[in-house]
Amino acid sequence: MKRKRFLTDFEVKAAEADSLNFEGYGSTFGNRDLFGDIIERGAFMNPLPDFVENGKILWVHDMRRPIGKVLDAQEDPHGLFLKFQLSNTSDGKDMAQLIADGAVDKLSIGFDIVRDRFDEVSNTRHIEEVKLYEVSPVPIPA
């Protein structure tokens, strides 16, 4: 599984630190990331129903520390928009507090590449389809 960290803020919809719901973009389209990759619009379409059913929210990519569930995932013109509910556990509450405090304000996704193409002129890989496994709130993306 490949982990990608994108410099995309997510918006906290909770007015209080004890709210366990949040939403934001796990990926935005058309911008080159720090690894020289561009995720193309449509890359998440096939896995989205499965991801809503089976996807994980992890504590900074730690597979041993799930912290919530996916409520919704949709592609829009800007990117992959996600809605989450953190679990009412110590890790879920801690992450909710970190998000409310602004200490954690980025998302990172874990996925496998299903289809891509490489542009040798720009030295850029265009990712056209992925299998999405997890999303992690993170403080500092790669």
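This structure is a prediction, so every number in the text was calculated from the model and none was measured.
- To the nearest 0.5 Å, the span separating CD1 on I67 from OG on S136 amounts to 7.0 Å.
- In this structure the side chain of L107 never reaches within 4.5 angstrom of the side chain of Y25, judged on heavy atoms.
- In this structure, I57 and P137 have side chains that are in contact, with non-hydrogen atoms separated by less than 4.5 Å.
- The heavy-atom pair separating A103 from P139 by the smallest distance is O-CB, 3.6 Å.
- With sequence neighbours left out, D50 forms a salt bridge (charged side-chain N to carboxylate O under 4.0 Å, His left out) with K131.
- In this structure, OG1 on T89 lies 8.5 Å from CG on L20, to the nearest 0.5 angstrom.
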Could you go step by step and tell me if I109 and L132 meet the side-chain contact (heavy atoms from CB on, under 4.5 Å) rule?
CA-CA 7 Å; I109 58 176; L132 185 62; 3.9 Å; yes
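- Although no hydrogens or angles enter the test, the distance criterion places a donor-acceptor pair under 3.5 Å between the side chain of E75 and the main chain of G42.
- By the salt bridge (charged side-chain N to carboxylate O under 4.0 Å, His left out) test, D91 is found to be paired with R65, residues two or more places apart in sequence or in another chain being considered.
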Between V104 and V60, does a side-chain contact (heavy atoms from CB on, under 4.5 Å) hold up when you go through it step by step?
CA-CA 10 Å; V104 173; V60 192; over 6 Å; no
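- In terms of heavy-atom proximity, P47 sits nearest to A43 at CD-O, 4.2 Å.
- Atom-to-atom distance recorded for K83:NZ and E23:CD is 5.0 Å, nearest 0.5 angstrom.
- Looking at heavy atoms from C-beta onward, D72 lies out of side-chain contact with F84 at the 4.5 angstrom threshold.
- When the salt bridge (charged side-chain N to carboxylate O under 4.0 Å, His left out) test is applied to D94, no partner is found at least two apart in sequence or on another chain.
- Distance check, rounded to the nearest 0.5 Å: CG of D105 to CZ of F22 gives 11.5 Å.
- For the side chain to side chain donor-acceptor pair (under 3.5 Å) test, residues two or more places apart in sequence or in another chain that qualify with E128 are R115, R117.
- Residues L58 and M63 meet the side-chain proximity criterion, which asks for heavy atoms closer than 4.5 Å.
- Donor-acceptor pairing under 3.5 Å is lacking for the side chains of Q74 and D76.
- Rounding to the nearest 0.5 angstrom, the gap separating the OG atom in S87 from the CE atom in M95 is 11.5 Å.
- Residues F35 and R125 fail the side-chain proximity criterion, which asks for heavy atoms closer than 4.5 Å.
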Working for side-chain contact (heavy atoms from CB on, under 4.5 Å), residues N88 and K93
CA-CA 6 Å; N88 191 15; K93 291 176 190 176; 2.5 Å; yes
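- For V130, the side chain to side chain contact (heavy atoms under 4.5 Å, CB included) partners are F44, F111, I127, not counting sequence neighbours.
- In this structure, F51 has no ring-ring contact (aromatic ring centres under 6.0 Å, His included) partners at least two apart in sequence or on a different chain.
- Remark: of the listed residues I39, I113, V114, V114 is the sole one forming a side chain to side chain contact (heavy atoms under 4.5 Å, CB included) with E129.
- A distance of 8.5 Å separates CD1 of I38 from CG of D119, quoted to the nearest 0.5 Å.
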